[in-house]
Amino acid sequence: MGEQTDFSTGVSGEVRQSVLVVTIDNPPVNAASADVRGGLAKALAHAEEAIDIRGVVLTGAAKTFIGGADIREFGQAPVEPTLPTVIEALEALSKPVVAAINGSALGGGLEVALACHHRIASPLAQMGLPEVKLGIVPGAGGTQRLPRLIGIPAALDLIASGRSVKAHEALSLGIVDDVVDTDLTKAAVAVTLELAGSPLRRTSQLPVSPADPADVEKLSAKILAKARGQRPPAEAIRLVTSVARPFAEGLADERATFLALRDGQEAAALRHVFFAEREAAKVPGFEGVEPRPVKVIGICGLGLMGSGIAVAALGAGYTVIGLDQTEEAAETGRQRIIGLLERAKASGRIDEAGFAEQVARLSITAADQDLAPCDLVIEAVFDDLAVKTDLFRRLDRVVRPDAVLATNTSYLNPDEIAAATAHPGRVLGLHFFSPAHVMRLLEVVRCGRTAPNVLATGLAVAKKLRKLPVVTGVTEGFIGNRIFSAYRREAEFLLEDGALPHEIDAALEGYGFPMGLFAVYDMAGLEIAWARRKRFAASRDRKERYVEIADRLCEAGRLGQKAGRGWYAYPDGKRTIDPEVTAIIEACRAAKSITSRQFSSEEIISRLLSAMASEGEVLLAEGIAARTGDIDLVMINGYGFPAHKGGPMFAKAQTPR
Ligand code: 3H9
């Protein structure tokens, strides 16, 4: 082994058997920051000049190869050398450069690898071009080199979805030339020596394999439909499908498109979301608090919610004990869980062995004492205070005193549930969203007396469940439902002031929500909210503005899509505007002597955004939410707010006053 040379703070080289092994070590994810780019440029120039060096191996320290361009540099003045310049020098080197992909090679990181003359990967490596998730397209050759390596359809799929692949899939696609489960660097040095002296395979010079235009068109249409008007996937399609033109032309187009998107609003919003997600799991003042170990999770109530939670827990490797009131109910729950696992198997998300292994980790019972081995128990029973406090008192008697108890309540006060137990410090809320095995958001409710390591346990379990945890204080409906209530209230004010349901829905869909609010109501059914309104009718503050339109609809039997009519009519199942609803709305306006007026889509969005953002400010002031980013994440991941708008707090802050 040779001596180590530092080309920059984060890039070092060491000569092994006349091959320069260059290691990128720029924690936390070896991003291609200015220092790394400078170091790589120097290392490549050194390798080109030194006559005793026969080739180069590029690899990363720790778990990452290169995690991509340094996202923190976006929006700042550019620093030379740029990544495309470094990559150009790399591909043009007269000596072989081999990528030893030891871990994640994402974005600009994969673009570096694609320009190498050969790529080998460790079985743990993952590769992808996730740029569209950040509102951009690859900007250092990814859209031009990947299709030359793996063909247009496969490249389109990866670039437009931003999904990453593991090493073996990368090998079958042709992204890497080999997967090596022994010493990766040693293998890379050996390949470099084999390649030295022979003509080099430069990706930019490879011919593009012809693709069936019908296939490409079908795939593009699918991508565009999913993108719902967002620009990056459309630009990615344009760049990838025009790859047959001269390489330099494609590269220049890609760079210009990347720069224009990078400096736009949507990319800024998605960067905000990216950093908010990383921030969310950090609770100020809780740094270094160790979570309690969790291996066995008990789930009480195996209805839709409990079964979804069970599937998420089994998928994350936990042992699950499901409890329901009777043996029959528990068995029905077990069947429901197995049904969900079977669906996962049918769609290829788990294989037969994985299915069998997960089923083996599941047991069910109707006897409380069978929950004794649990490290964490999550209840998902009927949302009623008496039912939940009774359950928690019983749990208190059967589980270890250090086991954590979590309530999945949506509206009840978890402090009251905790107070019913002998150890309130071990109680917290874990508010899952339905379906719990699919939805990423998890509100982690910090109750008044939750112990620090119990909160840390909630966050650690959430991460293992591959959920996005957001910490919330105790308030009715937590962060999400509080903001959602304000949003819903404002939408109803808009109705009374002159907008019609389909106008509000069209504005929301145009803004990027997958579905308008009133269409969602109809889908979910109007009766639960109606029952709730009736329950609270007596205690309602009479001075507050109250819109009666929804009540009138319910009284007329318009309980939503299942009833065939709600905010819309559904002849033949198709959603249509119903004059009867318009008449009900007009009658309600008339009863209050409101002169209705027209609202533009912009006005509708602006009023809804303001309502959400003002409620968000209240939550921050009350200390229920710690950061604006947390509120944005909740609304994006639980309520369909478009991620490319950054969430209500971010979007509102961007709007000129
Ligand atoms: C791009 O490459 C454009 C090019 O096409 C064109 C160039 C010309 N930059 O996620 P974690 C930070 S676009 C800066 O918890 P994990 C993150 O904020 C980029 N910082 O770790 C966090 O910081 P902190 C395309 C970054 O182990 C810390 O690293 N690349 C970057 O669970 C740990 O993050 C991507 O989109 C970055 N690129 O997962 C990849 N990435 O500790 C984005 C992360 O202060 N990154 N940080 O909170 C990821 O997907 C994951 O971070 C990764 C590691 C899988 C790498």
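Bear in mind that the values here come from a model prediction, so they are computed numbers and not experimental data. Both ligands and their constituent atoms are indexed starting at 1 by order of listing.
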Could you grab the distance from atom CG of D253 to atom OG of S242, nearest 0.5 Å is fine?
6.0 Å
Interatomic spacing from CG in L146 to CE in M127 - rounded to 0.5 Å
11.0 Å
If you draw a 6.0 Å radius around CD in E217, do more than 12 non-hydrogen atoms from other residues or ligands fall strictly inside?
no
Go ahead and list the nitrogen or oxygen contacts between ligand 1 and the protein that come in under 3.5 Å, distances to 0.1 Å, or just say none.
| unit_1 | atom_1 | unit_2 | atom_2 | d |
| --- | --- | --- | --- | --- |
| ligand 1 | 2 (O) | A69 | N | 2.8 |
| ligand 1 | 2 (O) | G108 | N | 2.8 |
| ligand 1 | 5 (O) | E111 | OE1 | 2.7 |
| ligand 1 | 5 (O) | E131 | OE2 | 2.5 |
| ligand 1 | 5 (O) | G139 | N | 3.0 |
| ligand 1 | 9 (N) | I71 | N | 2.9 |
| ligand 1 | 10 (O) | R278 | NE | 2.8 |
| ligand 1 | 10 (O) | R278 | NH2 | 3.0 |
| ligand 1 | 30 (N) | G67 | O | 3.0 |
| ligand 1 | 38 (N) | A69 | O | 2.9 |
| ligand 1 | 48 (O) | K282 | NZ | 2.5 |

Rounded to the nearest 0.5 Å, what separation is found between the CE atom of M635 and the CG atom of L441?
10.0 Å
Just checking Q230: does its CD atom have more than 12 heavy atoms from other residues, nucleotides or ligands closer to it than 6.0 angstrom?
yes
Using side chain to side chain contact (heavy atoms under 4.5 Å, CB included) as the criterion, list what pairs up with F286, not counting sequence neighbours.
V283, V289, R446, P452, L455
